[in-house]
Structure formats: C-alpha cells, structure tokens
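Not measured: the values here are computed from a predicted model. Lettering of chains follows the sequences in order, A, B, ..., and the numbering in each one begins at 1.
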There are 2 protein chains.
Amino acid sequence: MKASDIKNAGLKVTLPRLQVLEFFAKHPGNHFSADELFTKLRESNSEIGLATIYRVLNQFEAAGLIIKHQFDNEQSVYEVETGEHHDHMVDVDTGEVNEFYSKKLEQLQVELAHEHGCELIDHNMVLYVRKIK
Amino acid sequence: MKASDIKNAGLKVTLPRLQVLEFFAKHPGNHFSADELFTKLRESNSEIGLATIYRVLNQFEAAGLIIKHQFDNEQSVYEVETGEHHDHMVDVDTGEVNEFYSKKLEQLQVELAHEHGCELIDHNMVLYVRKIK
DNA sequence: GTGGGTGCAAATAATTTGCACGGTA
DNA sequence: TACCGTGCAAATTATTTGCACCCAC
C-alpha cells in the first residue's frame, strides 16, 4: 500500500485517494466500513465526500489493493490485501474482528470440494465467537 | 414445516403464512430470496404482499423454522431448518447451491476458537467451487 | 488544456414501518 | 368482538450515479 500502487492501477494520484491509502497504512490489520472512513477522515480535517470514499474503495478493490468483506451486519468492511490469506473470527459481544490462518482448515476445504467433484475457487469462513472469561 | 409449527410459534394460522410454508415444503433443499417468493406466489394467484413476505420470513426465522443466508450477492436467501447443520458450496459458474456436512470441519472450528481463548457461538462457511469436467 | 476526479444531492435497491382495513380465534 | 395480520405506500439504510466544478498530468 504505497502511492505508486495508485498510479500502477491506472488512477491519478489525488488527495482523497492518498488520504484513504494513508488511513489504511496507519491502521494495519483493522477492518473499516465506508462510513467509518468518512467520519474518521473528516475528523482529520479532510474534505472528502462519502461518495468518493465508495468510489475509491471500489477502485482499490478492483486493483487488488484491498479486500471487501460482509460479516454479519449490513455494512461492508474493507481491509488491506497483504497477500497472506486468512480467515476471520468475530466477537459477538464486542464486534471485534480477528484474523487467523489454519493450514489444516485450508486443506480440509480443498478435500471437501474434491469429494463433491469440484475444485475450490474461493471460500468465505467466519467464526462467531465469545471470549472465555 | 407443518401448519402446527405456525401455531406453536405463537402466530395465527393465516393464508399468507400457509402459502409461504407450503412453498418451502414444495421445494425442499432450495434457497429463495424474498423477491423470488413474492414473484412465484403471485404467479400462483396469491394476493400476498412483499412486505408480508419479509415479515413472515422474519417470524419464521425467529421461530427457528427457516434459516437466513447471505451469500455473495446483495439479496438474502432463506431455506428450511431441517435440524441437521450443514454448510454450503456455491458453484461459481451456475450459482447452484449445494449443502454438505463435515464432522472434521465442525471439530476443527471449535478447536480454532479455543486456540484464541474463545468458545464458538456460530459460524458461516461458504465454499465457492467449480465442477471438474 | 483536457479528461478524469470530486463533493453534493438525488437516485437505487433491499428491507422495514405506518396506517387503515380485514380476518382469526 | 378484540387484536393480530395484511396490503399498500412511504420511510430507512447502504450504496451508486448525475452533474457542475476542479485539479493532476
């Protein structure tokens, strides 16, 4: 996630795009909705519009810079694409999102697809959990 | 899924509710959106309204008669709750939805939650696959 | 300078809700 | 009969789009 990524995606390097990029860079490993980005950026004296945020997020997603997720709620959230695949664990009490990776799980999914005569193209896996006190 | 289920849920046995119930009974193992139900029922000479469908679906879901899913697209789909937990495999070419169950997978998920100091409350797992010719 | 980019407001699309009427228990 | 349930239309919410102005190249 650097300014040159914007240019490589065939997009002009503009202030709103840099602000969104910088926000993700400053908050690694977190997941943000368009509305959260809008609120936070406006608080940082940005003049960005909500529609621009949606447009930029879609463009960044198309360029493979970020990934879009739909967890339980209605709003989509976005995270930086690090190239390292992982799944998500959502705390049902706090809404906190954690990432995890399990090689065993990945292999099992490929096997399950094969058992049904299919190859695995993609998967979506979210565990809803509660902290044990 | 029988008429007595409606009564047991504390709901009156009305025509629209019976029509939705019957539709699910007639199409086992399939997944329908509110809009699909609306169109299909209207074609069957029902006078049901779309708002009623949403209300009935929410009530049936609260009563545990059906389950709501959000796959890739924007619209939610509903299926009958058979009591047998399963996950879903979506064919990326045809959009066909298939159900499967893996004990290994279920156990692995519980373990993964424990590894993060959590108990598993629920999970959402969808495999996007392509048939091997 | 030019064409893409932007903010704002209006448009969409899925779902929910208000309201007066209708049907179940 | 008392209320819950219903259809329709209007309201909501997340997201997209139209438009006139603006800025990166």
Side-chain angles (χ1 to χ4, degrees), chain A residues 2-23 31-63 65-79 95, chain B residues 2-23 31-63 65-78:
Chain A
K2 37 196 177 357
S4 61
D5 291 333
I6 298 178
K7 189 164 290 183
N8 291 339
L11 303 167
K12 285 186 182 172
V13 180
T14 61
L15 194 52
R17 289 185 180 138
L18 283 171
Q19 289 171 339
V20 170
L21 189 94
E22 183 194 24
F23 189 87
H31 302 71
F32 302 98
S33 66
D35 201 60
E36 280 172 336
L37 258 90
F38 179 62
T39 308
K40 298 281 177 56
L41 287 177
R42 283 284 183 147
E43 283 171 4
S44 311
N45 302 314
S46 170
E47 307 259 290
I48 200 167
L50 183 53
T52 300
I53 296 205
Y54 277 109
R55 279 185 287 235
V56 170
L57 288 174
N58 285 337
Q59 291 156 347
F60 282 9
E61 193 200 7
L65 298 178
I66 60 178
I67 303 180
K68 183 182 189 171
H69 292 290
Q70 263 250 308
F71 296 138
D72 220 7
N73 350 356
E74 50 296 329
Q75 291 184 192
S76 296
V77 293
Y78 299 81
E79 69 170 311
Chain B
K2 39 195 177 355
S4 61
D5 290 335
I6 298 178
K7 191 165 286 183
N8 291 340
L11 303 167
K12 286 186 181 170
V13 180
T14 63
L15 194 53
R17 286 182 182 140
L18 283 171
Q19 290 172 339
V20 171
L21 189 93
E22 184 193 24
F23 189 87
H31 302 72
F32 302 98
S33 66
D35 201 60
E36 280 171 337
L37 260 95
F38 179 63
T39 306
K40 299 281 178 55
L41 287 177
R42 284 283 184 148
E43 284 172 2
S44 312
N45 302 314
S46 169
E47 306 259 288
I48 200 167
L50 183 54
T52 299
I53 296 206
Y54 276 109
R55 278 185 288 236
V56 170
L57 287 174
N58 285 337
Q59 290 155 348
F60 283 8
E61 192 199 7
L65 299 178
I66 59 177
I67 304 182
K68 183 183 190 172
H69 292 290
Q70 266 249 309
F71 296 138
D72 223 6
N73 350 359
E74 51 296 329
Q75 290 184 192
S76 296
V77 293
Y78 300 80

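Interface remark: the Arg17(B) side chain does not form any donor-acceptor pair with the dG23(C) base, using a distance-only criterion of under 3.5 Å.
The side chain of Ala51(A) has dC8(C) as its nearest neighbour among dA24(D), dT15(D), dC8(C). Side-chain proximity of Lys7(A) to the nucleotides dC8(D), dT15(C), dC25(D) is greatest for dC25(D). When the nucleotides dT15(C), dC8(D), dG4(C) are ranked by their closest atom to the side chain of Gln75(B), dT15(C) comes out on top.
Counting only Watson-Crick and G-U wobble pairs whose two distances sit under 3.5 Å, DNA chain C takes part in these stems of three or more pairs: C:1-25 with D:1-25.
Taking side-chain N and O atoms only, Ser33(A) has no distance below 4.0 Å to OP1 or OP2 of dA14(D). Checking the phosphate oxygens (OP1, OP2) of dA14(D), no side-chain nitrogen or oxygen of Ser76(A) falls inside 4.0 Å. An OP1 or OP2 oxygen of dT16(C) is reached within less than 4.0 angstrom by no side-chain nitrogen or oxygen of Tyr54(B).
A side chain to side chain contact (heavy atoms under 4.5 Å, CB included) with Glu61(B) holds for exactly one of Ile66(B), Ile67(B), Val56(B); it is Ile66(B).
Not counting sequence neighbours, the partners of Asp5(A) by the side chain to side chain donor-acceptor pair (under 3.5 Å) test are Lys2(A).
Using a 4.0 Å heavy-atom criterion, one finds that Asn58(A) contacts the sugar-phosphate atoms exclusively.
For the pair Phe60(A) CZ and dG5(C) C1', the interatomic distance rounds to 13 Å; values are reported in whole Å. In this structure, the CZ atom of Arg55(B) is 15 Å from the C1' atom of dA14(C), given to the nearest Å.
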